[in-house]
There are 2 protein chains.
Amino acid sequence: MDTTDKLIAAAERLFDRYGFVATGMDRLTAAAGMSSRTLYKHAGSKTQLMERVLSERDRRFMARLRVRSVDALFAALDDWIRIEGTRGCLFLRAAAETGGDAPEIAEAVRAHKTAFQDQVARIVAADLGREDPDLAEQVLVLFEGAAHAAVYRGADAVRAARKAASTLTERARS
Amino acid sequence: MDTTDKLIAAAERLFDRYGFVATGMDRLTAAAGMSSRTLYKHAGSKTQLMERVLSERDRRFMARLRVRSVDALFAALDDWIRIEGTRGCLFLRAAAETGGDAPEIAEAVRAHKTAFQDQVARIVAADLGREDPDLAEQVLVLFEGAAHAAVYRGADAVRAARKAASTLTERARS
DNA sequence: CATGATGTAAAACGATCGTTTTACATTTCA
DNA sequence: TGAAATGTAAAACGATCGTTTTACATCATG
């Protein structure tokens with residue numbers, strides 16, 4: 001694990017735990033175990049570091065969503081939350097904290113959510129054997145809701161979403 | 001509208017738009033149209049101002065959820081988003097930005113989410129004529145999901161959630 | 001053996017943070 | 001009428017922000 005990877009990993013942890021704006025560079029250098037000179041050589045700036053963190057997060061998150069059924073989608077979310085916990089979608093949080101200023105961040109968020117939405121549509125199509133945009137939107141809402149309700153409801157929220165998605169999918173099948 | 005009300009209203013707008021941490025006191029005094037001396041006399045501190053904003057938000061939001069059917073619940077969310085827009089739940093955002101430090105904020109969020117959850121359960125019970133904790137959890141997840149998916153999907157997310165909730169409620173009725 | 005490349009430690013940059021203070025104006029009301 | 005209450009404008013507080021710089025160590029490779 002090289003310097004950059006260590007930095008990105010530490011930054012993702014701190015941004016997620018304390019928020020993007022509230023996390024200072026001192027805390028980042030301490031957690032990454034490197035001098036600020038090295039941090040800036042690798043990351044460029046705090047905004048670029050946020051971009052890199054979101055890019056890495058997108059990669060790791062989307063990798064887990066490579067499934068072929070709606071039920072497996074929610075099983076994947078259940079795994080994610082069990083392993084990584086959840087304090088709400090890190091992309092929406094980044095967008096909210098930067099308030100639409102920082103166009104690079106806004107674009108990273110937009111790109112991630114588009115990819116996410118496309119993947120949900122693909123999973124629904126694979127499960128049903130045909131496209132169903134309405135069901136896809138419902139599944140997307142359930143997923144987003146599970147991720148956010150889980151912040152205060154825990155795994156129960158994911159179970160409820162999974163059950164609801166199963167009911168709606170079964171109904172769409174017939 | 002007295003000084004305090006003007007302050008709380010301006011602060012809610014700015015916190016929602018730019019984030020809690022990123023919004024400085026200078027911006028707040030400018031938007032509220034008062035000196036920092038007056039602001040501190042009325043608010044005490046930035047943390048206390050956040051508490052007051054969340055308290056006022058809770059009051060206004062919960063007032064809109066005084067309905068007796070699941071469908072009316074999502075109609076209320078649709079109204080809210082149409083009037084106030086949505087950048088994600090302000091309570092979850094406050095909790096995420098303060099990272100669990102600031103116990104007063106964490107407590108305000110916990111209290112709001114408990115009240116919200118109770119109200120959803122009450123609405124589901126009124127709609128069905130009996131309690132149904134599983135359906136209540138599903139409706140809660142759909143509501144939370146609609147509020148967050150609407151950030152990037154707009155009113156479509158609310159419509160999808162409303163339809164899904166209607167389907168699930170109808171199923172629970174029979 | 002030298003010369004980049006890659007790193008650390010630590011001081012310093014100007015800007016901005018949340019907050020308090022100083023000095024003064026206006027209004028309210030016993 | 002005169003003091004208390006409530007406000008403004010603006011400077012200043014020490015702390016911390018993101019970032020750059022200075023000075024020095026280590027190490028692989030020509």
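Here is the naming used below: chain letters follow the sequence lines, and residue numbers restart at 1 for every chain.
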Asker: Could you tell me if the side chain of Lys113(A) sits less than 4.5 Å from the side chain of Glu144(A), heavy atoms only?
Answerer: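 Counting from C-beta outward, Glu144(A) and Lys113(A) do come under 4.5 Å.
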Asker: Of Ser35(B) and Gly44(A), whose closest DNA chain D nucleotide lies nearer the 5' terminus?
Answerer: Ser35(B)
Asker: Given atom NZ of Lys41(B) and atom P of dG7(D), what is their separation to the nearest angstrom?
Answerer: 8 Å
Asker: Out of Arg52(A), Arg17(A), Arg60(A), which residue meets the side chain to side chain donor-acceptor pair (under 3.5 Å) rule with Glu12(A)?
Answerer: Arg60(A)
Asker: Leu39(B) CG to dT6(D) C1': how many Å, rounded?
Answerer: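 Rounding to the nearest Å, CG of Leu39(B) and C1' of dT6(D) are 15 Å apart.
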Asker: The side chain of His42(A) lies closest to which of these nucleotides: dG7(C), dA11(D), dG7(D)?
Answerer: dG7(C)
Asker: Given that Arg37(B) and Ser45(B) both sit by DNA chain C, which one's nearest nucleotide is further toward the 5' end?
Answerer: Ser45(B)
Asker: Which nucleotide sits closest to the side chain of Tyr40(B): dT8(D), dT8(C), dG18(C)?
Answerer: dG18(C)
Asker: If I take atom CG in residue Asp26(B) and atom P in nucleotide dA10(D), what distance separates them, rounded to the nearest angstrom?
Answerer: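 Going from CG in Asp26(B) over to P in dA10(D) covers 13 Å.
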Asker: Let me confirm one number: the CG-CD distance from Leu90(B) to Glu84(B), rounded to the nearest 0.5 Å.
Answerer: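 Answer for the CG-CD pair, Leu90(B) versus Glu84(B), is 10.0 Å.
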Asker: Please report the distance, rounded to the nearest Å, between CE in Met34(A) and P in dT8(C).
Answerer: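 About 7 Å, once rounded to whole Å.
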Asker: Please give, in whole Å, the distance from dG7(D) P to Leu7(B) CG?
Answerer: 11 Å
Asker: Could you state the CG-P distance from Asp2(B) to dA5(D), rounded to the nearest angstrom?
Answerer: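 Rounded to the whole Å, the gap is 18 Å.
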Asker: List for me each residue that meets side-chain hydrogen bond (donor to acceptor under 3.5 Å, both in side chains) alongside Arg93(A), sequence neighbours excluded, and say none if there are none.
Answerer: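 Only Asp16(A) meet the side-chain hydrogen bond (donor to acceptor under 3.5 Å, both in side chains) criterion with Arg93(A).
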Asker: Under 4.0 Å, heavy atoms only, any strand: does Thr23(B) hit a base, just the sugar-phosphate, or nothing?
Answerer: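 Sugar-phosphate: the residue Thr23(B), judged by heavy atoms under 4.0 Å, touches backbone atoms but no base.
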Asker: Distance check needed: dG18(C) C1' versus Phe20(B) CZ, whole Å only.
Answerer: 17 Å
Asker: Looking only at side-chain atoms of Ser36(B), point me to the closest of dG18(C), dA9(C), dA10(D).
Answerer: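 Of the options given, the side chain of Ser36(B) lies nearest dA10(D).
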Asker: What's the CG-P distance between Leu28(B) and dG18(C), to the nearest Å?
Answerer: 8 Å
Asker: Quick check on the 6.0 Å ring-centre criterion: do Phe116(A) and Phe143(A) meet it?
Answerer: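 Judged by ring-centre distance (under 6.0 Å), Phe116(A) and Phe143(A) do meet the cut-off.
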